There are 2 protein chains.
Amino acid sequence: MGAGPEDHPDVQVFDEIRYIEHLVRTTISRKLPVGLTYPQFEVMNLLSRRGDGISPLEIARALQMTKSGLTNTLQRLHARKLIHVEHCENDGRRKVIWLTPDGRAAYAQSMAAIRPKMEDLRDGFTQKEFRDALPFLKALRTWLGEKP
Amino acid sequence: MGAGPEDHPDVQVFDEIRYIEHLVRTTISRKLPVGLTYPQFEVMNLLSRRGDGISPLEIARALQMTKSGLTNTLQRLHARKLIHVEHCENDGRRKVIWLTPDGRAAYAQSMAAIRPKMEDLRDGFTQKEFRDALPFLKALRTWLGEKP
DNA sequence: AATCGAAAATTCGAGATCGAACTATTTGTG
DNA sequence: CACAAATAGTTCGATCTCGAATTTTCGATT
């Protein structure tokens, strides 16, 4: 029984990364208040972290979403009145997104649902462990992003 | 300007992981022969690595797909005659999946398209770097998977 | 042997995701 | 100024993804 490619450390690393990404996505999804999906939460999370008043294109780039994919998500958030969409004054092509009070409330509710898990995580691992893992992950991400 | 949560190493790690996963997915997707999607490739990759003759449930578990999602992908692969679906003799509920010769050819063609990038990667990083990154990633994945 | 509960797969509906084509606006250049 | 190229966003079609409900088959208990 010879060693297949699945034994190579690089393949294993990508498998683990795929698995972790999936676990994070499903774990958070299941904890979100009903009516909120994971991408919707991600958008609101960015609006909350980065401050409102950013454009759809900035959001799409920050979250690795396509413009068309983001249009879809923004339309749904807008339909639920969780975001407010303004037309940019200086540039007629651009729009600017804001969280509404309802949006902030839904976001706070989501974070509250996730917080216990996050705190568990910070008990299970040290910040040093995360810090030590970062350089390689950043290098890998940069390398993958630079060579199209 | 206080430190937001985005500065925390743990948040950064998850951001990098999300980014890497996305880059791998899109990079491979764009290199695949026309007509093949990334999930379809993943299934064929597993069939090729793990050997044929495995059941849909085993595939779904290995690839973190839901059974219903896999049914969809298998139906498409079957429609293109890239896989062969048998009814298990011992167990009437189960099916067993095989790559057809066409499937093997399509898989070989996909791997050939991806190989240069993989070789570049093995030039850009050492196997030791991947090996050193593994324990933390495995621990993180296990922890996330154990606490539902 | 009859039945009940678990397991494997499918169907269905809602939402996400991508890429290509399209519209509208702005910017740069002659 | 006119017009070409670039930019921001949307629309559309195909596929993926999930969860819930359903069907079929198996296995164990009685």
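Predicted, not measured: the structure shown is a model, and the values here were computed from it.
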Chemist: Heavy atoms, side chains only, cut-off 4.5 Å: are M111(A) and M118(A) in contact?
Modeler: no
Chemist: Verify the contact: side-chain N or O of H22(A) to OP1 or OP2 of dC18(D), cut-off strictly under 4.0 Å; return yes or no.
Modeler: yes
Chemist: In this structure, how many angstroms lie between the P atom of dA16(C) and the CG atom of N72(A), rounded?
Modeler: 6 Å
Chemist: Closest approach to the side chain of R93(B), judged atom by atom: which nucleotide of dT24(D), dT17(D), dT11(D) is it?
Modeler: dT24(D)
Chemist: Report the distance from atom CG of N90(A) to atom C1' of dT27(C), rounded to the nearest whole Å.
Modeler: 14 Å
Chemist: Give a yes/no on whether any side-chain N or O of H78(B) is located under 4.0 angstrom from OP1 or OP2 of dA9(C).
Modeler: no
Chemist: Heavy atoms under 4.0 Å, any strand shown: does T37(A) hit a base, just sugar-phosphate, or nothing?
Modeler: sugar-phosphate
Chemist: Rounded to the nearest angstrom, tell me the gap between atom CG in L74(B) and atom P in dT11(C).
Modeler: 12 Å
Chemist: Looking at dC16(D), I'd like to know if its phosphate oxygens (OP1 or OP2) sit under 4.0 Å from a side-chain N or O belonging to R25(A).
Modeler: no
Chemist: In residues 52-66 of chain A, which ones come under 4.0 Å of DNA chain C, going by heavy atoms?
Modeler: M65(A), T66(A)
Chemist: Are OP1 or OP2 of dT11(C) and a side-chain N or O of Q75(B) less than 4.0 angstrom apart?
Modeler: yes
Chemist: May I ask you to verify whether the side chain of S68(B) and the base of dG19(D) hold a donor-acceptor pair under 3.5 Å?
Modeler: yes
Chemist: Kindly say if K67(A) contacts the phosphate of dC18(C), meaning a side-chain N or O under 4.0 Å from OP1 or OP2.
Modeler: no
Chemist: So, applying side-chain contact (heavy atoms from CB on, under 4.5 Å) with I97(B), which one of D52(B), L77(B), L74(B) is it?
Modeler: L74(B)
Chemist: Would you kindly compare T71(B) and T73(A) by the position of their nearest DNA chain C nucleotide and give the one closer to the 5′ end?
Modeler: T71(B)
Chemist: Any chance the side chains of H8(B) and R122(A) put a donor and an acceptor closer than 3.5 Å?
Modeler: yes
Chemist: Minimum heavy-atom separation for H84(B) and T100(B), please, with both atom names.
Modeler: N-CG2, 3.8 Å
Chemist: According to a strict under-4.0 Å criterion, is R94(B) in side-chain N/O contact with OP1 or OP2 of dA9(C)?
Modeler: no
Chemist: Assuming nearest nucleotide by heavy-atom distance, tell me which of R80(B) and G69(B) is located more 5' along DNA chain D.
Modeler: R80(B)
Chemist: Measure from CD on Q40(A) to P on dC18(D) and round the result to the nearest Å.
Modeler: 16 Å
Chemist: Please classify the nucleic acid contact of D91(B) as base, sugar-phosphate, or nothing, using heavy-atom distances under 4.0 Å.
Modeler: sugar-phosphate
Chemist: So that I can tick it off, tell me whether R141(A) and E16(B) are bridged by a salt bridge, with the cut-off set at under 4.0 angstrom between side-chain N and carboxylate O.
Modeler: yes
Chemist: Quick one: is dA16(C) close enough that its OP1 or OP2 comes under 4.0 Å of any side-chain N or O from R76(A)?
Modeler: yes
Chemist: Round to a whole Å and report the spacing from CG of L70(B) to P of dA9(C).
Modeler: 9 Å
Chemist: Could you tell me whether H87(A) contacts a base, only the sugar-phosphate backbone, or nothing, with contacts defined as non-hydrogen atoms closer than 4.0 Å?
Modeler: nothing
Chemist: Does the pair R49(A)/D15(B) count as a salt bridge with the N-to-O cut at 4.0 Å?
Modeler: yes
Chemist: In whole angstrom, give the distance that lies between atom CG of L32(B) and atom P of dC18(C).
Modeler: 15 Å
Chemist: Restricting to non-hydrogen atoms, name the atom on G124(A) and the atom on W143(B) that form the minimum distance, rounded to 0.1 Å.
Modeler: CA-NE1, 4.2 Å
Chemist: Could you tell me if the side chain of V13(A) sits less than 4.5 Å from the side chain of F125(B), heavy atoms only?
Modeler: no
Chemist: So which one's nearest nucleotide on DNA chain D is more toward 5', R30(A) or G92(B)?
Modeler: R30(A)
